[in-house]
Structure formats: structure tokens, C-alpha cells
Amino acid sequence: MIVLYGINLSTFTRKVRLALAEKGMEYRIEVARMGSLRVRALHPLGKIPVLEDGGVVVPDSSVIIAYLERISPQRPLYPGDAPSLARALWLEEYADTRLREATVPYFSERVVKPLFLRKPADEEALTRAGAIRDECCDYLEREIAGGFAVGETLTVADIAIGAQFVTYQQGGGAIDAARWPKLARYVGALRQRAVWAAMLAEEDAALAAARPL
Ligand SMILES: N[C@@H](CCC(=O)N[C@@H](CS)C(=O)NCC(=O)O)C(=O)O
């Protein structure tokens, strides 16, 4: 049985869980925090997620999803033709890096600090994140015209982009549908996919349980 080390509410753990769910693969989640001794034994940078499959240890969400595709090619998450594959990999990379710079501060400042660290939000960090959010949403509004980022089916690009926007929205961020109508529709539709809705409901419940009454 595949074991996924990570936690819910972690963007990159969510990214891999969405890939596993979309591919219909069975797995067990082993709660493991970033930086813990257990994770450090599996990942030299102490990051989550890490996947273990019959003694094969695979760190990094992008590497894990590529591995999953090889061991379980049904319901593919990578386009077959080279230009589309390049576009999907680029958008995955963009989401994991630049878009992440916009989404994480919302979650850190609006959720982690007040709820778990009992510290006030850094409003300047949120202002900086807002500027990056605008840049990313402008770019994605130009790039994404329909229901999927590449072609007519869900790919790793949609999973990476969607996973980041979930973090942003959990941190109270919104996608202004008047300014970015295509992007707002696209993210809304991803969230409504059955496997996404189930996972996000579980995460919302975890967040609600952490909030003071
Ligand atoms: N490129 C890595 C990034 C993983 C990552 O940054 N995970 C976060 C949790 S969502 C983490 O472990 N952060 C702790 C750290 O950066 O030290 C991936 O795609 O898996």
C-alpha cells in the first residue's frame, strides 16, 4: 500500500492527494509534520509530502506525481503531445513557485499566526502578497480560457494551480470575478469536482475545529 507522509492543510500534500484521488489510487496517509525527525529521515530538506511505495521513497510533489503516472498510467495527468506536456509542466512549476509566493502569506498571516501562534498578522506581508496575487491572476486570466489549463482534460497543471488557490481561499483570499472572470470560473469548477469537494470539506472541517468559538 502506498503511504503518503504529510498533513492536511499543507498545499503540497493536498496536491499529491488530489492526484491520487483523480487517478483513483488507494493510499494511506501517515500524519507527519515538516521538519520532524521522521520526515527528515525521508527527505533531506525535511519537507512534506514524501511518498513511500514498497520501499521506494519519493520526495517532492512534482516528482511524486510523475512517479504515480508511471506506476498507474490510467486516468493520465500528463498530456501526450510534447507542446502540451511542456505547457502543463510549466504551469505546474509556475503554480508551485510564483503563485505560491502569493498564496502562502494569506494562509500564514490569516490562519497560522492568529490561530496557532497567537500572533497578529503582518499586514505589510499581505500587501506584498496582494501585489503578487494580482500579477499571477492577470497572467492566469490570459492563459486559461476554459475548464482546464491545457487541452480538454484535467492535468497536473490544474491540480497544482487549484491546490494553491485553495490555500489562498482558506486564508480568506478571494478571486475577484469582475476582474478575473475566466480564472474565477475555472477555480470554482475545479473545487466542485467530486474528489476535490470531498477533500476540501475535510480540510474545512479541520480548519473550523481549529478556530476559536
Ligand atoms: N517543492 C516541494 C515543496 C514542498 C514544501 O514546501 N512543503 C511545505 C509544506 S506545504 C514544507 O514542507 N515546508 C517546510 C519547509 O519549507 O521547510 C514539493 O513540491 O513537494
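In listed order, ligands and their atoms are each counted from 1.
- Residue-ligand proximity, Pro49 to ligand 1, at heavy-atom distances under 4.0 Å covers atoms 20 (O).
- Under a 4.0 Å N-O distance rule, the pair Lys15/Glu92 qualifies as a salt bridge.
- A salt bridge is absent between Lys47 and Asp60; no separation between the charged side-chain nitrogens and carboxylate oxygens falls under 4.0 Å.
- When each atom of ligand 1 is checked for a heavy atom of Thr11 under 4.0 Å away, the hits are 10 (S).
- For atom 13 (N) of ligand 1, the closest non-hydrogen atom on the protein side is Met34 SD, 3.3 Å.
- Nearest to atom 4 (C) of ligand 1 by heavy-atom distance, out of Ile65, Ile48, Asp60, is Ile48.
- In plain terms, the two heavy atoms of Gln164 and Arg100 that are nearest each other are OE1-CA, 3.4 Å.
- If you check which protein heavy atom lies closest to atom 20 (O) of ligand 1, you get Ser61 N, 2.8 Å.
- The shortest contact between atom 10 (S) of ligand 1 and any protein heavy atom is with Ser10 OG, 3.2 Å.
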Requested in this report: Under the side-chain contact (heavy atoms from CB on, under 4.5 Å) rule, what do Val187 and Gln169 come out as? Steps first, then yes or no, please.
Outcome: CA-CA 11 Å; Val187 173; Gln169 290 168 327; 4.2 Å; yes
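- Closest heavy-atom approach to atom 16 (O) of ligand 1 within the set Arg100, Lys47, Glu92: this belongs to Lys47.
- Considering all non-hydrogen atoms of both residues, Ala19 and Ile159 come closest at CA-CD1, 3.8 Å.
- With salt bridges taken as basic N to acidic carboxylate O contacts below 4.0 Å, none links Arg128 and Glu101.
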